**Q** 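My questions all concern the structure below.
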2 protein chains.
Amino acid sequence: MLRWGDMGTQWGVNRSVAQIQALLFLSERPLTAEDIAAKLGIARSNVSNSLKELLAWKLIQRVPVLGDRRDHYEAEADLWQMATKVAQGRKAREIDPMVAAIAAAMENIDDPQISAKVRQRLVAMHDFVSTVDRWYQQMLDVPPAQIMTLIRMGSRVVSLLRFVTGKGRDKADPD
Amino acid sequence: MLRWGDMGTQWGVNRSVAQIQALLFLSERPLTAEDIAAKLGIARSNVSNSLKELLAWKLIQRVPVLGDRRDHYEAEADLWQMATKVAQGRKAREIDPMVAAIAAAMENIDDPQISAKVRQRLVAMHDFVSTVDRWYQQMLDVPPAQIMTLIRMGSRVVSLLRFVTGKGRDKADPD
DNA sequence: CCCTAATTTCTCTTTTTACTGAAATGTCTG
DNA sequence: CAGACATTTCAGTAAAAAGAGAAATTAGGG
């Protein structure tokens, strides 16, 4: 069952982190760090660090258990909540630095050494990432239930859109 | 300028691959493997492997140059094309295995050892992942220009949707 | 076919990242 | 405020990934 965690490797999180998340998600009750270390057979300190990371992503939370001094942890149960957290993290780790990097590259755009072709590519890239960045942020701000509606509609939103705007353009629109 | 490539580390691609892509994207003309190795100061073999990876992602392509026996390479210039390629790769590397892993976990869903709570979580996760997977695929199949329209609209699609369906539901719709 | 140039494969080294176990720090209880 | 238990930090080790350079393979041109 916990081979679930192996999958996390693909996701830019290390095995321990993924395994712990999976364990907590499929656990009856909140677990202590010690429980986790025992169940997964990994070092206590490793658990500590992985928990910290999961807490930072807000994919798990500490819960107090009456009559027990130790910290107990449980997974975020709401899948939309989870997805949003992951998406936010990814934006921060992947998209934001990209936008910054390209913005930086744009600073010397007027350098005469840069050919027209390259300049044009840089500008296009910049526009592109900025647009995507804005979109991504907007989507993160839309309540899950509405996103769900959008997703359920799938590509039908496209036809709907065409219907509403009254056109069936196939080329990017010339703003 | 080529610190652009450093950014690729975040993206699950190694430095060399990212740098080569950036170099080609910002290059006046197609380059040979040797050119690339020289410009970036990395081993010829490394270039070879990185080019193979970029070719696999279809982010670059071989182009023949008259009177030169060597392979020349140029970057995919269409940003939408690029984004689609990356998105496809990600789906294959991240989403598909996840769907498979959860589907596998679902096989022993009837095991009486599994509590109701856990069972319910598994099912919810499975539904969720399947839905997202389907949606992602559908979006990949929509022509870039139309996606662009969607993205440009941003969260306004949500209001539009609410307007069209005639309701302002805040809860997930009960299919 | 053979010779040469180009590319790829393979093995070994370097670098990076993950993990462990011990030591240090923190925290609750009497 | 001491003593026990819990957690975190840290330094060293182990594992994984990236890269270099030599050797092997492939593909033109005579």
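This one's a predicted model, so the numbers in the text were calculated from it and none came from an experiment. Just so it is clear, the values below take in all heavy atoms, side chains as well, and ignore hydrogens, waters and symmetry mates. Naming convention: chains lettered A, B, ... in sequence-line order (proteins, then strands); numbering from 1 in each chain.
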**Q** For A:Asp68 and D:dA4, give me the distance from atom CG to atom P, rounded to whole Å.
**A** 19 Å

**Q** When the distance from CD of A:Gln19 to P of C:dA18 is rounded to whole Å, what number comes out?
**A** 14 Å

**Q** Nearest whole angstrom, please: distance from the C1' of C:dT15 to the CD1 of B:Ile42.
**A** 15 Å

**Q** Check the distance between C:dC19's P and A:Glu53's CD and give it to me in whole angstrom.
**A** 10 Å

**Q** Need one value for B:Asn46: base, sugar-phosphate or nothing, where a base atom within 4.0 Å counts as base even if backbone is also close, heavy atoms only.
**A** sugar-phosphate

**Q** I'd like to know if A:Leu150 and B:Leu140 are part of one continuous hydrophobic network [Ile/Leu/Val/Met/Phe/Trp/Tyr, side-chain heavy atoms within less than 4.5 Å].
**A** yes

**Q** How close or far is atom P of D:dT7 from atom CG of A:Leu51, stated in whole angstroms?
**A** 9 Å

**Q** Contact class for A:Thr32 (heavy atom, under 4.0 Å): base, sugar-phosphate, or nothing?
**A** nothing

**Q** With a cut-off of less than 4.0 Å, is there a side-chain N or O of B:Arg15 near OP1 or OP2 of D:dG19?
**A** yes

**Q** Counting heavy atoms from C-beta on, name the nucleotide in D:dT8, C:dC28, C:dT8 closest to the side chain of A:Arg62.
**A** D:dT8

**Q** Under 4.0 Å from OP1 or OP2 of C:dT7: is there any side-chain N or O of B:Lys52 that close?
**A** no

**Q** Is there a side-chain contact (heavy atoms from CB on, under 4.5 Å) between B:Ile36 and B:Leu51 once you walk through the steps?
**A** CA-CA 10 Å; B:Ile36 297 169; B:Leu51 287 173; 4.1 Å; yes

**Q** Does atom NZ of B:Lys58 have more than 12 heavy-atom neighbours, drawn from other residues, nucleotides or ligands, at distances under 6.0 Å?
**A** no

**Q** So, is B:Arg44 near the phosphate of C:dT7, with a side-chain N or O under 4.0 Å from OP1 or OP2?
**A** yes

**Q** As a test of reading the structure: which of C:dA22, D:dC5, D:dA20 is closest to the side chain of A:Arg69, going by heavy atoms?
**A** D:dC5

**Q** Between A:Asn49 and D:dT8, is there a contact of a side-chain N or O with OP1 or OP2 at under 4.0 Å?
**A** no

**Q** Give the rounded distance in Å between these two atoms: CH2 of B:Trp11 and P of D:dA18.
**A** 17 Å

**Q** So does A:Gln81 have more than 12 non-hydrogen atoms from other groups sitting under 6.0 Å from CD?
**A** yes

**Q** Check whether any side-chain N or O of B:Ser16 sits under 4.0 Å from OP1 or OP2 of D:dG19, and answer yes or no.
**A** yes

**Q** Which nucleotide wins on minimum distance to the side chain of A:Ala43, given the candidates C:dT20, D:dT8, D:dT9?
**A** C:dT20

**Q** Any side-chain N or O of A:Ser48 less than 4.0 Å from the OP1 or OP2 oxygen of D:dT8?
**A** yes

**Q** Give A:Asp71 one of three labels, base, sugar-phosphate or nothing, depending on what nucleic acid heavy atoms sit under 4.0 Å from its own.
**A** sugar-phosphate

**Q** Starting at CD1 of A:Ile36 and ending at P of C:dC19, how long is that distance when rounded to a whole Å?
**A** 14 Å

**Q** Would you say B:Thr32 and B:Asp35 are linked by a side-chain donor-acceptor pair, where the criterion is simply a distance under 3.5 Å?
**A** yes

**Q** Once you round it to whole Å, what is the distance between P of D:dA17 and CG of A:Asn14?
**A** 12 Å

**Q** Applying a 4.0 Å non-hydrogen cut-off, can you work out what A:Arg70 is touching in the nucleic acid: base, sugar-phosphate, or nothing?
**A** sugar-phosphate

**Q** Taking all heavy atoms of A:Ile114 and all of A:Arg119, pick out the closest pair and write down the distance.
**A** O-NH2, 2.9 Å

